[in-house]
Each structure stands twice: as C-alpha cells, then as structure tokens.
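Structure first, then comments.
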Amino acid sequence: MAYRLTRTAEQQIDALLPDSARYHGLEAADRYGYLILTVMAALGEEPLMTGSVEVARLPGIRASPTRLGRRRADPARRVANPRHLVIYRLAADGMVEILGLVHDRMVLSRAARRNVREADQG
C-alpha cells in the first residue's frame, strides 16, 4: 500500500519545515522532515499502525503521532520531542491519503475536521 498527500498536507509541511529551521536550526528541520516522511511511509504500509487512533466524531479519519515514528528512524536522525500528528484516511482506491498535520496542542477533532474539509474542497 502507498500514500499520497493532499494539497493541504503539502502546504502544511512546506510551512512547518522553514519554521522548524528558524526556531531549531537547519539540521533539526532536516531531521523533522525525515521523521514526517518516515511516519507517512509507515502509514502507507500499515494504515492501522499501533498507536494511531480514530479521531472522535470523524469516522474513517485517523491520527498518528509523529513521535511513534522515532523508533523507525535512523538513530542519528532522531527528533528529541516531535509535537505533530499526521491526519489521514484510507481512500476508496486503497491509498492512504495524508490530509494534514496538526500540533499536539490543538484540539484534535477540530483541526482534523478542518483538514478533511480542505481536502474535500480542493
């Protein structure tokens, strides 16, 4: 199984990594980008991966914390404290559709609902 990103997910990642570089340095941003790719690839292989959860009141929409990808990452490229969740769903064609990323301080159901709405509109 594979995954694809929605335009919203691409935009969120494109905004997140420069912010990460600004606040934590280029090397940290590179590690965070690697972690995000690692998590998305893992979800493409195993959509119901241990640690992922269905988002409340949004049937079929799941969230997986990026911190769970740390164990899959090369130890030299590990991120100390990843703070985002990957929002995704299994599309009708069997692909894992990455809808976006949300910070772990956000209200998950509200942020996920916004990602779903944006993905379905565009």
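Since the structure is predicted, the reported quantities are computational estimates derived from the model, not experimental observations.
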Derivation of the side-chain contact (heavy atoms from CB on, under 4.5 Å) call for Asp30 and Arg77: CA-CA 8 Å; Asp30 179 58; Arg77 299 181 81 184; 3.2 Å; yes
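The environment of CZ in Arg57 is sparse: at most 12 heavy-atom neighbours from other residues, nucleotides or ligands sit within 6.0 Å.
Going from atom CG of Leu35 over to atom CZ of Arg72 covers 11.0 Å, rounded to the nearest 0.5 Å. To the nearest 0.5 Å, atom CG of residue Leu101 and atom CE of residue Met40 are 7.5 Å apart. Expressed to the nearest 0.5 Å, how far CG of Asp74 lies from OG1 of Thr38 amounts to 9.0 Å. Met95 CE to Tyr88 OH: the interatomic distance, rounded to the nearest 0.5 Å, is 14.5 Å. Taking CG of Leu48 as the reference point, atom CG of Leu43 lies at 9.5 Å (rounded to 0.5 Å). Summarising the geometry, atom CD belonging to Glu97 is positioned 11.0 Å from atom CG belonging to Asn115; distances are rounded to the nearest 0.5 Å.
Cluster annotation: Val39 and Leu16 are assigned to the same hydrophobic cluster (Ile/Leu/Val/Met/Phe/Trp/Tyr, side-chain heavy-atom contacts under 4.5 Å, transitive). Residue Ile36 is grouped with residue Leu5 when hydrophobic side chains (ILVMFWY) are merged at heavy-atom distances under 4.5 angstrom, including chains of intermediate members.
In this structure, Arg70 and Ala80 approach most closely via the heavy-atom pair CZ-O, 3.8 Å. The nearest pair of heavy atoms linking Tyr34 to Ala73 is CE2-CB, 3.6 Å.
The side chain to side chain contact (heavy atoms under 4.5 Å, CB included) test with Thr8 singles out one residue from Arg117, Arg114, Glu118, Gln121, and that residue is Glu118.
A search for ring pair (Phe, Tyr, Trp, His ring centres under 6.0 Å) contacts involving His103 returns His84, not counting sequence neighbours. Under the side-chain contact (heavy atoms from CB on, under 4.5 Å) criterion, Arg110 pairs with Val107, sequence neighbours left out.
Counting side-chain heavy-atom gaps under 4.5 Å among Ile, Leu, Val, Met, Phe, Trp and Tyr, the cluster of Leu108 also holds Val55, Leu58, Ile61, Leu85, Ile87, Leu99, Val102, Met106, Val116.
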